[in-house]
Structures are given as C-alpha cells and as structure tokens.
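Proteins get letters first, then strands, A, B, ... in listed order; numbering begins at 1 in each.
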Amino acid sequence: MSKSIAIMWFRQDLRLSDNPALLAASKHENILPIYILDDENAGEMKMGAASRFWLHHSLNSLKSSLPELCVYQGDAIEIIDSLSKRYTIEAIYWNRCYEPWRISRDKIIKEKMHKQDIHVESFNASLLWEPWTIFKEDKTPYKVFTPFYRKGCLKSTPPRQVLPQPSSLNGVIDNQALTIDMLNLLPENRWDIELAKHWEIGEKGAQVALARFIDNGLSNYKKGRNFPAKKHTSHLSVHIHFGEISVHQIWDQIQSLPSDDNTDHFCSELGWREFSYSLLYQQPELPTKNLQTKFDNFPWQNNPMLLDAWRKGKTGFPIVDAGMRQLWQTGYVHNRLRMVVGSFLVKNLLIDWRYGERWFWDCLVDADHANNSASWQWVAGCGADAAPYFRIFNPITQGEKFDPDGSFTKKYIPELAHLPVKYLFSPWMAPSEVLAEANVTLGVNYPHPIVDLKASRETALAAFSDLGKKEI
DNA sequence: TGAAATGTTGGGGCG
DNA sequence: ACGCCCCAACATTTC
C-alpha cells in the first residue's frame, strides 16, 4: 500500500505565513510540499531570466523553512498524475493563480483528480478581491481604474483576515523529486551574482522590506514616490509577485496605521494591481492584443537599431539610459522611470509596446503578466483607462523635475558624472568647453541622441491622429 | 501618472 | 502722468 499523503502545491505563494492552502494541508498527517517548474504549459509566457534567478533563491529560502520541499520540472498535469499513481493522495491544496495558461491547466488537473475521487481545494492567497466579484451595476467589468477601486473594491466585502503560520508540518520526501539546482534557474554567465547584492530574497526579506517601507518610505510616499533617487517606494512588487508576502498582510498592516494621503495612495497602488488582474481575467489576451483595437493599425517602425540602443541604455537621453541601466543592473526600475522609458520606446522610437513588454519580462525580477502587460498598454495608450496617446513624456523635463540634483542619473551613467546638472539631461546642448571640462565626448564615451525629440514627437502625434481618421 | 502652443494679466521700463 | 510695449508668470487649450 502506497503512503497516504496530502499535497501542498506551492506556486506564486512562497511563504509560510498567511498561506491558506498550506494551513489547510497542515491538518493532514503527512504532507508532500511540492513546486513544479512548468515551462511546458507556460509556453511563450514562461518565466524570464531575472525571474528565474529570483525563483532559485526564493525556493531555497522556502525549502530551508520547511521540513521538505520537493521540486519537479515539466508538465504539471503529468507530474501530478504520476504522483497520484505513486501515492495515496488524501487531498491536493493550492492557492489560485490568474494567468490564463495556469487557469486552464489547473482546471484540467482539478477535473482529473476529481475523477480519481481526490479532494482538490484551491484558495485565494494573492488578490484582495477576486476578479469575478468586482462588477459594475450593469454586471459588466469596470474599464476605468478609479470607479473600479472606489466603487468596486472599497465598497465590496473587505479583504479576508490574515492567517497564522501552521503550528507544525510533517513533511514527506519523494525520492523521485529533483534538487533546486537541477532546475538550472541561474544563468550561465553569472550576472546573477551582482544582481543578488541588491536584494534580500525570501519570506523574511519580504517582511524586512515592508517594515523598512513603513518606517522610512511611507511618511512621504505620495510625493516622494516620484523621485528615483529617494527611497519612498516600497520595493515590494517582486516579493508580492512570488508570494513571499501576501497583499493581505500588507493591506492589513497599512490599514492599521492612521489613514492619510500617503497610506491612501499606497493602498490605491495595490488597487492598480487588482485592476491589472481584473483586466487580465476579463481579457486573457491582454499580454499580446491591443485593448483598443484601433491601435492594430498603428504604423510601428520597430527599428532594430533603436530597440537595441534602448535595451542597452545607449539612447543618448540620460534619464532614459539611467532607467534602462538600472533595469539591467538590478532587475528593477523605479516606477517613474518605467513610465519615462516606456513612453520613449513607444512614442519617440515608434516601437511596438510588445517589444518593451518582452524585454521587461526577461529583465525584471518582478515581471508579472497582469501588471506588465496592463502597464505597457497603459503607457502605449492602447489599454483600458490608459494614458492618452498624446501624453508624451519629455525626457529632458522629466529628468529635471524628478532627478533635480542628477544624483540618480549620475549613479547609473558615471561617464556624465562631471557634467553640470544644467546640461545633464541634454548633453548635446552643452557648449563644447563644458563637455570638455566634464570629460564627455559625444559619440565616444556617451552617445549622441538617437532621435530628434521634437521631430519624433510630432511624427508620433501625426501617426496617432491618422489612426483616429481611419477609425471613422 | 504631460508637454507645447496659445491666451491673459499685470508690473515696469520708456518715450 | 500716460500710453505703449515687453515679457514674465500664470491659465487655458490642444495635441
């Protein structure tokens, strides 16, 4: 007789606290905690390189806090099937994920297990409000953020209570499981070593990040969040994405503080995440298809040279390059700069937002399908409740406004470190003696601007305006 | 969660 | 003293 077990299937919930599926599994005598790297079902949506690096460390962190963690690689449907043949399974527990490919895969597994009379139970661990519960009065989903959040979420049933960590867990080892190292999640040329220095990965790191944010960042969040050189953003996105901390835990702690503009604003940012998930749930093709179909006719240029310069942070526009180099060096970009570099790619370079989405997907440690695709559609102007297409960021003005002393830009572009702030965001305007004094030679140690700001802006606006005419 | 173009106002220099 | 012009500074409109 094979051993009788309950399976706790970890996915995007790599934590012990406030983990509903784990708590349910902990009532069983013998638990097999598993993680499956399922690139097969993910297909094009499989995790990018930066995410894999994070996953590697997060799994190790999780494993060290559990009696055991068994990892597998491949089609989750087959792997769970095979487990069901080798063990007597009392139950399978997991927390819900919302990517379309996972929803359809999980549905198949659920049906298969039901046929074998195996109890399968899924829980909500990563959204404050389930996307199928928030609708307008006419029963259709919200398409505008503010009413979605204010009338939909805030007026709905409050988020569930935070759950305690299981008091005890009896882990079982499956000798056919792989080791975490065998998943090959780390890159061959070890850029991950430098990246790792910027982060504390795992459940403990997530709690530290939240505490640090509440102590230092939150008090001036609303204004401070716009300045990349300041430390007023939470840096929680990646921990939330991997479920090292739950939004319920965050919401709960912030709501327990005296309410003000800063706490409200931060909570509304969590609301944007809910909104993105709602959009993805209602529109599974969000990552690839313009929500506003008139953008299907947009005359993208998709010039590979320009795309390459953007990726490498060599556009000749210092605030853009600083953002893109921050992405490459740390796996993260400050929110203000995500908007700046996004606007620049789509509107000044006329490159399809999907190229930006793919690059971010590969480079961001917090790459998240719902957030990434909803945000790129927002920047491009083709999404729901999107920034209007004519809102084109001026990288000079944005630099001057949001990095006024130039410290952020100079950190990531050391070759401009000696340039006076007056010319830092537009080095091509600097008199030649100023450039010489600062040891800057355009075209040699820092690029000439790859486009003309004014002309490219006008081209983009004209292309967009044509779109409107075709529609009619 | 823009920016540029255009419009308006009011203080000060100047004939 | 007065009108005229210039032009910041701010407001509104347009893309």
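With sequence neighbours excluded, the residues that form a ring pair (Phe, Tyr, Trp, His ring centres under 6.0 Å) with A:F317 are A:F344, A:W428.
Protein atom CG of A:L467 is 16 Å distant from nucleotide atom P of C:dC15, rounded to whole Å.
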Distances for protein N/O vs nucleotides 1-3 of chain B N/O pairs under 3.5 angstrom?
unit_1: B:dT1; atom_1: O4; unit_2: A:W272; atom_2: NE1; d: 3.0
unit_1: B:dG2; atom_1: OP2; unit_2: A:R336; atom_2: NH1; d: 3.4
unit_1: B:dG2; atom_1: O3'; unit_2: A:Q398; atom_2: NE2; d: 3.3
unit_1: B:dG2; atom_1: N2; unit_2: A:F390; atom_2: O; d: 2.8
unit_1: B:dA3; atom_1: OP1; unit_2: A:N394; atom_2: N; d: 3.2
unit_1: B:dA3; atom_1: OP1; unit_2: A:Q398; atom_2: NE2; d: 2.8
unit_1: B:dA3; atom_1: OP2; unit_2: A:K401; atom_2: NZ; d: 3.1

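Residue pairs meeting the salt bridge (Lys or Arg N to Asp or Glu O under 4.0 Å) criterion with at least one member in residues 123-136 of chain A, sequence neighbours excluded, are A:R96-A:E130. Under the salt bridge (Lys or Arg N to Asp or Glu O under 4.0 Å) criterion, the residue pairs touching residues 196-224 of chain A are A:E194-A:K197, A:E200-A:K204, with sequence neighbours excluded. Sorted by first and then second residue, the side chain to side chain donor-acceptor pair (under 3.5 Å) pairs with a member in residues 301-315 of chain A read A:D308-A:K312, A:T315-A:D321; sequence neighbours excluded.
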Pair up each side-chain donor or acceptor in residues 406-413 of chain A with any protein partner under 3.5 Å, not counting sequence neighbours, and list the distances.
unit_1: A:S407; atom_1: OG; unit_2: A:D405; atom_2: OD1; d: 2.8
unit_1: A:T409; atom_1: OG1; unit_2: A:D403; atom_2: OD2; d: 2.7
unit_1: A:K410; atom_1: NZ; unit_2: A:A417; atom_2: O; d: 3.1
unit_1: A:K410; atom_1: NZ; unit_2: A:L419; atom_2: O; d: 3.0

